[in-house]
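Working notes, structure below.
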Amino acid sequence: QVQLVESGGGLVQAGGSLRLSCAASGRFFSSYAMGWFRQAPGKEREFVAAISGSGGSTYYADSVKGRFTISRDNAKNTAYLQTNSLKPEDTAVYYCAAVHTFAYSDIHQSDEYNYWGQGTQVTVSS
């Protein structure tokens, strides 16, 4: 039902910022909670941030709290991740994911999400 395409990744210096976008196709975008996850080489995929279908609730991993902001524009079928004060340890492939609002128990868990984008690389140099 939903196809997701991430964009906005790139190479930045420590302290810089990137705005990642996740464009969704399909109907009823507001019926899906959206999450951002990341995976560094040799590591497990980890939760970064999530947002409810309406945008009224947001959730963040402790490692990014205060630096990253998740948002969505339901009129544009797009979710965003604003990443500020980037650190080398933020380097990873970033994935967006979607799960129907009524089909998850824990919005932090990657295996709760039904739909995934292809990922966008974020590299932060020292």
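Side-chain atoms are counted along with the backbone in the values below, which use heavy atoms only and exclude waters and symmetry mates.
Annotation: the span from S17 atom OG to N84 atom CG amounts to 3.5 Å, rounded to 0.5 Å. Taken to the nearest 0.5 Å, the OG1 atom of T123 stands 11.0 Å off from the CG atom of D90. C96 contributes atom SG, which lies 4.0 Å from atom CD of E6 (distance to the nearest 0.5 angstrom). Rounding to the nearest 0.5 angstrom, the gap separating the OG1 atom in T69 from the CZ atom in R19 is 10.5 Å. Taken to the nearest 0.5 Å, the CZ atom of R45 stands 6.5 Å off from the OG atom of S110.
Here the closest heavy-atom approach between residue H108 and residue Y59 is recorded as NE2-CB, 4.0 Å. Contact record, D62 with K65: OD1-NZ, 3.3 Å, taken as the closest heavy-atom pair. Closest of all the heavy-atom pairs between A92 and A40 is CB-N, 3.9 Å. Among all heavy-atom pairs drawn from Y113 and A50, the shortest one is OH-CB, 3.8 Å.
With side-chain heavy atoms closer than 4.5 Å counting as contact, directly or through intermediates, the hydrophobic cluster containing V2 also holds L4, V12, L18, L20, F29, Y32, M34, W36, V48, I51, Y60, V64, F68, I70, L81, L86, Y94, Y115, V122, V124.
Residue E89 places its CD atom among more than 12 non-hydrogen atoms of other residues, nucleotides or ligands, all under 6.0 Å distant.
Side-chain atoms of S63 never come within 3.5 Å of backbone atoms of A61 as a donor-acceptor pair (strictly under, hydrogens ignored). Formation of a donor-acceptor pair under 3.5 Å by the S30 side chain with backbone atoms of G53 is not found in this model.
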Next on the checklist: side-chain contact (heavy atoms from CB on, under 4.5 Å), that's the test. Do Q82 and S71 meet it? Break it down for me.
Outcome noted: CA-CA 8 Å; Q82 178 69 44; S71 62; over 6 Å; no
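Both tests do not hold together for R38 against Y95: distance to the six-membered ring centre under 6.0 Å, angle to the ring axis within 45°. Remark: R72 fails to qualify as a cation-pi partner of Y80 under the 6.0 Å distance and 45° angle criteria applied to the six-membered ring.
Between Q121 and L11, the closest side-chain pair of non-hydrogen atoms is not below 4.5 Å.
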